[in-house]
Structure formats: structure tokens, C-alpha cells
Amino acid sequence: MKQPSVELKLPIIPNMELIATQTAEVIARHMHLTEDQAGEISMALIEACINAFEHSKTDSNVFIHFLIEEDSLVVKVIDQGIGFDKTKVEIPKIENKIGKDERKRGWGLQLIQELMDSVEFESNGDGTTVTMKKNIKQ
Amino acid sequence: MSGFIKSTKEANQIVIIETDGYLNNEGGEAISAICYDKMKSGQNKFLINMAGTKVVNSIGVSILIEIIEKLQEVDGKIGYYNLAPIVAKTFNIMGLTKYSTVFATEEEAVGTL
């Protein structure tokens, strides 16, 4: 049987990521995820949406796909922007930011990777897809 | 006062800011505006009651890092209490807990900061 899925199309408007988190909360309840797991998915989703909104440098919509699997929730955040090279993204450390002339931002990818069980990035000149997975703990 | 700032008060020479809603860039700027204004009049201890803030993003939290940096210049401190578990986890991942303190309650925070 085909696993259920939910798809969202978000325009690039401030705070639109909260629509995605509200949907994630409903799905998390349906899947009987813990509050901690639901919070982690929402936070990772916020960061992935913000990255898509800010860095895709396009006016196109951002698409969110939730794939409800037997033992996991897979969330894909898809933009049609200019793409990015993950190898050029530095791992942020607060020690390198405090008291130095460094921008304090740049935490999105780090948070996504820490909060989800697996994360994959596919990016080229036609857009970026971030695939995030949260395993259901029995 | 912005909608994000629910109240401000002072106790034990500490400015206590109560927030309500999404800590994004606008929320972070609302907190920093109060902190920087109070710092001009010599106050250097701040607590944020985040009971009403269940959702944050890294941009809003980055503004707290800017506040920590400014407070270091005046030997000041900032702390937080009533954090939702995911907010506490986010602060931990971003390293805020190395330079500021998360308290369980207002009583503990006011007595310790």
C-alpha cells in the first residue's frame, strides 16, 4: 500500500515557515511521535524553510513534502533557486563568533543535522532539495 | 512595547523581559532594543522569561548572541528561564549555554545571576 504523504506549497513571505511547522505538528500527533521528536522536526523544518527563502534567490514557491513511512517521517524541502555548495558551508562555532567581527548567523545546516536522524542535500543550478528523516523510536 | 514583549520588570537590579510568541529576527530585535536601552543607563543583568515562546529560529537566537557579546564589554550577564525543551536544545547546539545561563525558575534565576 502506498504510504500517505502531505504536500505544501509556500510562497516566500516572512514567517510562512510556521505553516509548515503547524502541519508537521499534526503529522507528528498522527504518528504518535514524542513531544521532543515533534519539536526537533519543527525546528529543523523552520531552518530548512528559512534557508530556502533566504538563499534560493528566487521568487518561486518552496515545496514541502511530508512522507509518512512505517518507521520514520521523511520531510523534503524543495526550492527552485540557484543552489549552493555544501562543502563551502563552514561549521559554525560560537567561540569563533563572540567578540570577533564575524556574523552571528549561519546556524541553519548545523541545527538541521543535529536535530534530525539523517539529512541529505541535493543541489544544482536549478534548485535544492533537503531531505530530512526522523526515525520513530519504539 | 512590541507584541512579542509581554512585559518588563526589575528585581534585584536585574531587568526581566517576558516574551510571547515566535523568536525570529523581529523578536530578537525587540529584546535587543530593550537590553541596549537599559545598558545605556548602566544596567547589565538581564533575564528573559520565555514561557510564552515555544518556537524560535536561528536568526532570532543569533541576536541573543549579539547581546551576549555587547554584555561582555560591560561585564554583564544574561540568562533565560521557562524554556521549552526544543528551545533549550537549540540554545545548547548553538553554544549559548557556554556564555549565558539557562535557569529552571525565576526564583533561581534572580537569586543566582
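In the text below, chain A, chain B and the rest are named by the order of the sequence lines, each starting its count at 1. Model, not experiment: these values are computed from the prediction.
- Chosen from B:P85, B:A84, B:S58, the residue pairing most often with chain A at heavy-atom distances under 4.5 Å is B:S58.
- When hydrophobic clusters are built by joining Ile, Leu, Val, Met, Phe, Trp and Tyr residues whose side-chain heavy atoms come closer than 4.5 Å, directly or via intermediates, B:I17 is grouped together with B:F4.
- Cluster membership check: B:L23 does not share its hydrophobic cluster with B:I59, using side-chain heavy-atom separations under 4.5 Å among Ile, Leu, Val, Met, Phe, Trp and Tyr.
- The heavy-atom pair separating B:M94 from A:W107 by the smallest distance is O-CH2, 3.1 Å.
- Heavy atoms from other residues, nucleotides or ligands lying under 6.0 Å from NZ of A:K76 number 12 at most.
- Between the OG atom in A:S42 and the CG atom in B:N57 there is a gap of 13.0 Å [rounded to 0.5 Å].
- Within a 6.0 Å sphere centred on CD of A:E120, heavy atoms belonging to other residues, nucleotides or ligands number 12 at most.
- With values rounded to the nearest 0.5 angstrom, A:E114 atom CD is found 9.0 Å from B:N92 atom CG.
- In this structure, B:K54 NZ and A:E25 CD are separated by 12.0 Å, a value rounded to the nearest 0.5 Å.
- A continuous path of Ile, Leu, Val, Met, Phe, Trp and Tyr side chains, each step under 4.5 Å between heavy atoms, connects A:V6 with A:M31, placing both in one hydrophobic cluster.
- Looking at A:N15 and B:N24, their side chains come closer than 4.5 Å, going by heavy atoms from C-beta outward.
- Rounding to the nearest 0.5 Å places CG of B:L96 at 4.5 Å from CD1 of A:I94.
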* Check step by step if salt bridge (Lys or Arg N to Asp or Glu O under 4.0 Å) holds for B:E69 and A:K104. => CA-CA 10 Å; B:E69 189 174 59; A:K104 311 305 178 209; 2.8 Å; yes
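- By the criterion of side-chain heavy atoms lying less than 4.5 angstrom apart, applied directly or through intervening Ile, Leu, Val, Met, Phe, Trp or Tyr residues, A:L10 is not grouped with A:L18; the two fall into different hydrophobic clusters.
- Looking at B:V87, there are no atoms closer than 4.5 Å to chain A (heavy atoms on both sides), in backbone or side chain.
- The 12-atom threshold is exceeded at CD1 of A:I13, counting heavy atoms of other residues, nucleotides or ligands nearer than 6.0 Å.
- The neighbour count for B:E10 CD, taken as heavy atoms of other residues, nucleotides or ligands under 6.0 Å away, is above 12.
- Both A:I64 and A:I68 belong to a common hydrophobic cluster when Ile, Leu, Val, Met, Phe, Trp and Tyr are linked at side-chain heavy-atom distances under 4.5 angstrom.
- When heavy atoms are compared at a cutoff of 4.5 Å, A:E40 approaches chain B by way of both its backbone and its side chain.
- Taking both residues in full, the closest heavy atoms of B:I93 and A:L115 are given as CD1-CD2, 3.8 Å, listed atom of the first, atom of the second, then distance.
- Using modelled atom types, one finds no donor on one side chain facing an acceptor on the other under 3.5 Å when comparing B:Y99 with A:E95.
- Ranked by heavy-atom pairs shorter than 4.5 Å toward chain A, the options B:N25, B:I68, B:T90 are led by B:T90.
- Within a 6.0 Å sphere centred on CG of B:D75, other residues, nucleotides and ligands contribute 12 heavy atoms or fewer.
- Sparse packing is recorded around CD of A:E35, with 12 or fewer heavy atoms of other residues, nucleotides or ligands lying under 6.0 Å away.
- Of the atoms belonging to A:K93, not a single heavy atom falls under 4.5 Å from chain B.
- Under the 4.5 Å side-chain criterion, counting only non-hydrogen atoms from C-beta, A:M43 is in contact with B:V56.
- Proximity to chain B involves both the backbone and the side chain of A:I98, based on heavy atoms less than 4.5 angstrom apart.
- Interface remark: A:E54 contributes side-chain atoms only to the contact with chain B (heavy atom separation under 4.5 Å).
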